[in-house]
Amino acid sequence: MKVRAAAATDIGRVREGNEDSYLLEDPIYAVADGMGGHRGGEVASRIAVETLERLFREGGTALAEQVQEANRAVFERSTTDHSVAGMGTTLTVAIVQGESIRLAHVGDSRAYLLRDGELRMLTEDHTLVHRMVKEGEISQREAERHPQRSVLTRALGVEGSVQVDQATVDVLAGDRVMLCTDGLTSMIGEEAIARILTSEPDPQRAAELLVRAANQAGGADNTTVVLLDFEDGATVTTTTDVATPARRAERHDTAEDVAAPRERGRGVRWIRLAVVLGLVVVVVAAGLVGLRTFLDSQWYVGVSNGRVAIFNGIPTEVVGFELHEVAVETRISASEASTLVAYRDIGDGITVEDREAADALIERIEADVAAMGEQNGGGTQAGGGTGGGTGGNG
Ligand code: MN
């Protein structure tokens with residue numbers, strides 16, 4: 001079987017760094033979505049794919065063992081390097097073996113198979129919401145819109161060992177396999193994904209179109225797509241990969257364009273300048289009002305003064321301006337909460353739909369932290385952690 005492979009990755013429109021990594025080294029392919037603060041996330045996903053590639057090249061161990069080793073490499077670094085403490089990553093791997101692919105998977109990145117226009121998911125998300133769906137607590141539809149849909153139940157590098165899902169899938173000529181991070185699947189639905197995959201035959205173009213679609217839908221996360229096209233023929237593999245640059249806002253229509261000297265009467269020029277400046281003021285003011293209204297409607301749960309807190313706004317800043325403020329600072333210790341896999345990336349902010357959802361998430365965190373305290377012999381309880389939190393800083 002001949003494979004044509006391609007990849008595209010992008011920072012998206014909200015995040016400050018790209019914490020995704022991918023591997024495109026015939027016959028091994030992977031995506032990894034790091035978490036645990038900007039640096040931690042980047043380091044975790046990179047260590048995972050680099051360790052995997054090295055072990056695969058060395059040979060002699062099974063894929064499951066290679067993934068375990070990658071887990072240990074991330075965990076060891078996380079426990080010895082304070083600047084990346086608590087980091088982790090997802091990892092979804094596909095190795096092409098003749099007429100089949102071997103899959104290994106941890107986390108909420110995904111593998112899909114497109115065959116005869118039909119898209120089939122090959123992996124299972126290790127998320128809180130997927131567990132809730134399986135236990136019949138919520139529907140699949142609800143899960144797709146659930147504010148906590150990115151909270152993981154399993155991740156690489158969080159503990160000394162990890163449970164790894166594995167599968168072998170037969171492939172046919174004409175099949176297209178996709179590995180992707182949740183930046184794609186949280187932004188656009190499977191129908192839209194299938195439409196792009198079936199309509200664009202070139203894998204590189206298709207990968208870029210998918211990333212662009214995720215950005216057009218909001219680009220709330222980093223997005224990475226790896227595509228493998230299977231064709232009849234010798235086992236010759238061509239690979240290309242391109243990291244698409246972050247989209248930049250297009251800026252024009254400054255007053256200078258119009259104020260530039262021209263062969264006209266002075267009066268006319270000044271009137272035109274005044275009109276343009278007036279318009280610029282109106283546009284900027286409308287933009288600020290719109291931004292304020294938008295930020296007021298956004299909520300997330302993050303960390304303030306070492307405590308779990310509810311924020312109004314989005315977890316980012318633009319040229320020094322923070323786009324959020326603390327609404328409520330709880331007594332729950334952030335370091336205790338983040339020792340639970342489910343809240344590992346609380347430092348980055350867990351986005352929720354509205355204020356009610358924020359309160360519900362806080363309740364859940366409080367209960368989980370308390371349960372953990374009981375499990376550990378009642379040594380700690382919610383709010384009784386280390387450090388003296390000061391008042392709000394809003
Ligand atoms: Mn992600």
Side-chain angles (χ1 to χ4, degrees), residues 7-23 29-49 70 74 84 86-93 105-112 121 123-130 143-158 162 178-190 192-193 207 210-226 243-244 246-247 300-302 314-316 338 341-353:
T9 186
D10 192 80
I11 188 171
R13 291 183 153 179
V14 175
R15 298 294 172 95
E16 285 173 29
N18 192 341
E19 299 173 28
D20 288 356
S21 294
Y22 66 88
L23 183 60
Y29 304 90
V31 295
D33 179 351
M35 62 201 182
H38 303 310
R39 210 170 101 69
E42 264 175 58
V43 171
S45 68
R46 203 183 60 234
I47 290 179
V49 296
V74 176
V84 294
M87 66 179 175
T89 182
T90 73
L91 183 64
T92 302
V93 192
H105 164 73
V106 176
D108 68 348
S109 296
R110 291 177 179 179
Y112 282 94
M121 195 167 146
T123 50
E124 193 176 20
D125 290 348
H126 301 138
T127 58
L128 209 56
V129 289
H130 183 66
E144 279 158 19
R145 278 162 186 65
H146 202 282
Q148 284 152 266
R149 60 184 176 265
S150 63
V151 176
L152 298 182
T153 52
R154 245 197 263 174
L156 205 81
V158 175
V162 67
M178 174 174 78
L179 308 180
C180 64
T181 58
D182 71 327
L184 179 73
T185 48
S186 63
M187 284 292 120
I188 59 173
E190 291 184 351
I193 292 172
L210 286 165
V211 167
R212 194 183 304 167
N215 282 337
Q216 278 166 354
D221 196 1
N222 311 141
T223 301
T224 302
V225 174
V226 168
T244 58
R247 287 176 64 91
Y300 71 96
V301 172
I314 53 175
T316 190
S338 63
V341 176
Y343 313 117
R344 173 124 334 243
D345 51 2
I346 195 165
D348 293 340
I350 300 173
T351 305
V352 294
E353 215 126 89

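As the structure lists them, so they are numbered: ligands from 1, and atoms in each ligand from 1. Computed from heavy atoms alone, side chains included, the values below leave out hydrogens, waters and symmetry copies. We number each residue from 1, following the sequence as shown.
Distances from the Mn ion (ligand 1) under 2.8 Å pick out these protein N/O/S atoms: D33 OD2, D182 OD1, D221 OD2.
In this structure a side-chain-to-backbone donor-acceptor pair under 3.5 Å is missing from R46 to V43. A side-chain donor-acceptor contact under 3.5 Å links H126 to the backbone of G107. Under the 3.5 Å distance criterion, the side-chain polar atoms of D33 are left unmatched by any main-chain donor or acceptor of T181.
N18 and T9 form a side-chain donor-acceptor contact under 3.5 Å, judged by distance and modelled atom types alone. With hydrogens and angles left out, the side-chain atoms of S109 and T92 include no donor and acceptor closer than 3.5 Å.
Applying the salt bridge (charged side-chain N to carboxylate O under 4.0 Å, His left out) criterion to D125, with sequence neighbours excluded, gives R110.
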